[in-house]
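To start, the structure itself, in structure tokens.
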Amino acid sequence: VKDTLGEGDRSDWRYVKVEASGNMTFTVRYSPPGASVAISVADSKGKPLHQAAQGKPGVRTVSLFANPGIYYLEVAGEEPVQYSLEIKVE
């Protein structure tokens, strides 16, 4: 998935439906790499599970063990950025 956070659009939400238990990893790569970007994951009821606000420039990653169900990911930033999102469940 590729998208943009722009002026007036400080966050994007996505969801993923997990069919079988496994390790789930969300990786967001963004540009410009010096921008302030955070990602957070919530369960189907909106309960926060994990977040990443720091990491290598231009990359944010969250990994967790996921049981079957729906999970929500928020990508948030303080300034306009272009980003790509990769989701893996293993």
Side-chain angles (χ1 to χ4, degrees):
V1 173
K2 292 186 178 188
D3 207 341
T4 302
L5 293 178
E7 300 213 11
D9 179 23
R10 299 288 184 199
S11 68
D12 287 342
W13 286 89
R14 306 275 184 212
Y15 79 93
V16 60
K17 184 175 182 180
V18 175
E19 300 290 336
S21 297
N23 293 314
M24 182 166 54
T25 302
F26 296 92
T27 303
V28 173
R29 290 179 173 79
Y30 59 90
S31 180
S36 175
V37 172
I39 62 175
S40 59
V41 179
D43 67 12
S44 62
K45 296 179 182 176
K47 177 184 175 188
L49 300 175
H50 204 307
Q51 69 179 34
Q54 298 178 359
K56 293 180 182 178
V59 180
R60 295 292 178 266
T61 302
V62 168
S63 296
L64 62 132
F65 184 81
N67 290 311
I70 296 196
Y71 294 83
Y72 295 95
L73 173 77
E74 179 186 25
V75 179
E78 297 293 319
E79 56 205 80
V81 296
Q82 293 181 345
Y83 71 90
S84 63
L85 167 64
E86 180 182 7
I87 302 168
K88 289 184 181 180
V89 181
E90 301 176 317

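Please read all numbers here as calculations on a predicted model, not as lab measurements. These values consider heavy atoms only, across backbone and side chains, with no hydrogens, waters or symmetry-generated copies.
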field: Shortest non-hydrogen contact from Gly55 toward Arg60
entry: N-NH1, 3.6 Å
query: Taking all non-hydrogen atoms of both residues, which atom of Val28 and which atom of Tyr83 are closest, and how far apart?
result: CG1-CB, 3.9 Å
Just list the side-chain donor-acceptor pairs under 3.5 Å for residues 16-24, sequence neighbours left out, or say none.
from  : atom 1 : to    : atom 2 : distance (Å)
Ser21 : OG     : Asn67 : OD1    : 3.2

statement: Looking only at heavy atoms, the pair that brings Thr4 and Asp12 closest together is O-OD2, 3.7 Å
- request: Considering non-hydrogen atoms only, spot the tightest contact between Ala76 and Leu5 and give its length.
  value: C-CD1, 3.7 Å
- prompt: What closest approach, in Å, do Thr27 and Arg29 show between heavy atoms, and which atom pair accounts for it?
  reply: CG2-NH1, 3.2 Å
- request: Measure the acute angle between the ring planes of Tyr72 and Trp13, then classify it against the limits of 30° and 60° as parallel, tilted or perpendicular.
  value: perpendicular
query: Counting heavy atoms not belonging to Phe65, are there more than 12 under 6.0 Å from its CZ?
result: yes
- request: Please name the pair of heavy atoms, one in His50 and one in Ser63, separated by the smallest distance, quoted to 0.1 Å.
  value: CD2-O, 3.7 Å
message: Can you confirm whether Thr25 sits close enough to Thr61 that some side-chain heavy atom of one is under 4.5 Å from a side-chain heavy atom of the other?
response: yes
query: Does CD in Glu78 sit with more than 12 non-hydrogen atoms of other residues, nucleotides or ligands closer than 6.0 Å?
result: no
- prompt: Could you state the interatomic distance from OG (Ser11) to CD1 (Ile39), rounded to the nearest 0.5 Å?
  reply: 13.5 Å
field: Heavy-atom neighbours of Gln82 CD exceed 12 at 6.0 Å
entry: no
- prompt: Heavy-atom distance under 4.5 Å between the side chains of Asp3 and Leu85, does that happen here?
  reply: no
message: Using side-chain heavy atoms (C-beta onward) and a distance below 4.5 Å, is Val41 in contact with Phe26?
response: yes
query: With a 4.5 Å heavy-atom cut-off, do Ser40 and Val62 have their side chains touching?
result: no
field: Ile70-Ile87 co-clustered via ILVMFWY side chain contacts under 4.5 Å
entry: no
message: Check this for me: does any side-chain nitrogen of one of Arg14 and Glu74 sit under 4.0 Å from a carboxylate oxygen of the other?
response: no
message: For residues Val59 and Val1: do they belong to one hydrophobic cluster (side chain heavy atoms under 4.5 Å, members Ile, Leu, Val, Met, Phe, Trp, Tyr)?
response: no
